[in-house]
Amino acid sequence: MEYKTYDIYQDGNKTIVKHIKDFNLIHIFECGQCFRWRRENDGSYTGVVRDRVVNVGYDEKKLIITNSSVNDFIDLWYGYFDLDRNYSEIKRILSRKDSIMKKAIEFGYGIRLLRQDLWETLISFIISANNRIPMIMKVVASISKNFGREIFLDEKAYYTFPDAYSLADECVETLQTCQGGFRCKYIIGTSEMVKSGAIRLSDIYMVSTGEARNMLIKLPGVGPKVADCTLLYSGTKYDVFPTDVWVKRVMEELYFQRETSLKEIQEFARNYFGPLAGFAQQYLFYYARENRIGAG
DNA sequence: CCACAGGACGGCT
DNA sequence: AGCCGTCCTGTG
């Protein structure tokens, strides 16, 4: 069958989608936006998304999703991989901005911003505060294993991410077995606020980026960086510019050539990249971190 | 043993 | 409003 501009067919438990461009598994899964995908020996990735576990491979512009159906693709994977967005056009516009962006895009040409579950993204980025990626992956995996639901792929167990109600019922001490450290109290606090209705996460889809940001920042453990990451990596808002130490360094070194406050970097990015700020940030972040730009 | 890497928060000016 | 010490865990 034909879905938008893609050819889709089913082969056993594999959904295969042809003619997919602007796509690279390493760029997508190792650019710091997600913590649930693991690279296999053959270069494919296995991960849990919502209540599904799949293996994803990419070869000769073909996307191969194992443990999927055509309906799954249309309902979930098409949106998750942001396949209805024209990344060629985004890259063309951003590359014209300056030679720095051009280089960053050439480096991370296959990046796509995943539209991840809002709740899981929020908690994952609360965990990311003052933490490194391998540790974040460990904590998210542990929370899922302890409080999520077991699902299977090839007789191997994987775990869904627990919802706010499940986590709100736990105490900080129990959650601490997942190695979240000082962030555990924030996770419980945020879960309680979602459970009680003090915040309705679904509202952020209906309000402006500024309002969405202000709503999220009211949650414990959520500051400007975590709020922006949550909005961007859940596919909710794209005119944000999450500024962590790497983005700050690359901006200072390549754009400002001096020390620059977070406030000034954010203002510059909003004006300069406009509605594509989130995409620009992701190319810059991946470029900076992989090449250790600005690091000792 | 120590230094260091990472954002949010709270207390201070 | 901006600055800075503290929080937790793993690695070199």
Side-chain angles (χ1 to χ4, degrees), chain A residues 30-36 38 116 118-147 167 170-194 198-199 201 204 209-210 212-234 237 240-253 256 258-270 277-278 281-282 284-296:
Chain A
E30 317 268 351
C31 73
Q33 63 178 328
C34 56
F35 306 106
R36 291 278 263 160
R38 301 289 188 278
Q116 302 177 80
L118 179 57
W119 165 250
E120 179 176 336
T121 306
L122 172 63
I123 298 302
S124 298
F125 280 92
I126 287 176
I127 295 164
S128 82
N130 214 29
N131 216 344
R132 288 150 158 202
I133 289 171
M135 192 60 193
I136 303 164
M137 294 176 81
K138 228 175 103 178
V139 177
V140 172
S142 182
I143 289 176
S144 303
K145 183 160 188 181
N146 284 300
F147 308 111
L167 290 183
E170 302 300 331
C171 61
V172 175
E173 291 70 26
T174 310
L175 196 62
Q176 183 53 44
T177 61
C178 302
Q179 307 288 92
F182 61 88
R183 307 160 195 90
C184 288
K185 58 180 179 290
Y186 301 146
I187 295 171
I188 298 295
T190 290
S191 301
E192 282 170 347
M193 283 181 70
V194 170
I199 181 170
L201 288 180
I204 70 170
T209 300
R213 217 163 173 261
N214 288 336
M215 278 174 64
L216 290 176
I217 284 172
K218 290 198 178 70
L219 296 166
V222 181
K225 159 66 167 47
V226 172
D228 285 350
C229 285
T230 303
L231 292 171
L232 186 59
Y233 303 136
S234 62
K237 306 287 178 194
V240 292
F241 197 76
T243 309
D244 71 336
V245 290
W246 290 102
V247 174
K248 187 166 188 290
R249 280 182 201 141
V250 73
M251 294 303 288
E252 287 176 337
E253 188 155 320
F256 291 91
R258 60 176 166 83
E259 287 216 350
T260 316
S261 71
L262 282 173
K263 188 172 172 292
E264 192 180 351
I265 291 172
Q266 295 259 311
E267 275 171 20
F268 169 81
R270 248 203 331 273
Q281 182 271 0
Q282 205 56 32
L284 288 170
F285 172 82
Y286 185 64
Y287 179 64
R289 197 168 59 93
E290 295 296 310
N291 297 291
R292 308 197 60 77
I293 292 187

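Here the structure is a predicted model, which means the values were calculated and not measured. Just so we're on the same page: letters track the sequence lines, and every chain starts at 1.
We find that CZ of A/Phe182 is positioned 10 Å from P of B/dC9, with the value rounded to whole Å. Counting to the nearest Å, the P atom of C/dT9 and the CZ atom of A/Arg183 are 8 Å from each other. As rounded to whole Å, 19 Å separates atom P of B/dC4 from atom CG of A/Asn131. The nearest whole Å value for the distance from the CG atom in A/Leu122 to the P atom in B/dA8 is 12 Å. Whole-Å rounding puts the A/Ile123 CD1 to B/dA8 P distance at 14 Å. Look at CE on A/Met135: it is 9 Å from P on C/dT11, rounded to the nearest Å. Between the CD1 atom of A/Ile188 and the C1' atom of B/dA8 there is a distance of 18 Å, rounded to whole Å. With rounding to whole Å, A/Ile126 atom CD1 is found 20 Å from B/dG6 atom P.
A/Leu219 comes within 4.0 angstrom of sugar-phosphate atoms only, judged by non-hydrogen atoms across all strands, and of no base. Across all strands, A/Arg289 comes closer than 4.0 Å to no nucleic acid atom at all (heavy-atom distances). As judged by a 4.0 angstrom heavy-atom cut-off over every strand, A/Lys248 is placed among residues making no nucleic acid contact.
Comparing atom distances between the A/Lys225 side chain and each of B/dG7, C/dT9, B/dG6 picks out B/dG7 as nearest. In this structure, the nucleotide among C/dC8, C/dT9, B/dG6 sitting nearest to the side chain of A/Arg249 is B/dG6. Closest contact between the side chain of A/Asn130 and the listed nucleotides B/dG6, B/dA8, C/dC8 involves B/dG6. Closest approach to the A/Val226 side chain among B/dA5, B/dA8, C/dT9 is made by B/dA8 (side chain taken as heavy atoms from C-beta onward). Closest contact between the side chain of A/Pro224 and the listed nucleotides B/dA8, B/dG7, C/dG10 involves B/dA8.
Residues A/Arg36 and A/Ser144 have side chains that bring a donor and an acceptor to within less than 3.5 angstrom of each other.
Remark: A/Gln179 is in phosphate contact with C/dG10, judged by side-chain N or O atoms under 4.0 Å from OP1 or OP2. One finds a side-chain N or O of A/Trp246 lying less than 4.0 angstrom from the OP1 or OP2 phosphate oxygen of B/dG6. Phosphate contact (OP1/OP2 of C/dC7, side-chain N/O of A/Gln176, threshold under 4.0 Å): absent.
From A/Ile188, atom CD1 reaches atom CD1 of A/Ile123 across 8.5 Å, with rounding to the nearest 0.5 Å. Rounded to the nearest 0.5 angstrom, A/Ser142 OG and A/Leu175 CG are separated by 8.5 Å. Remark: A/Leu122 CG to A/Ile187 CD1 distance equals 9.5 Å, nearest 0.5 Å.
Across all non-hydrogen atoms, the minimal contact from A/Met215 to A/Ile199 is O-CD1, 3.7 Å.
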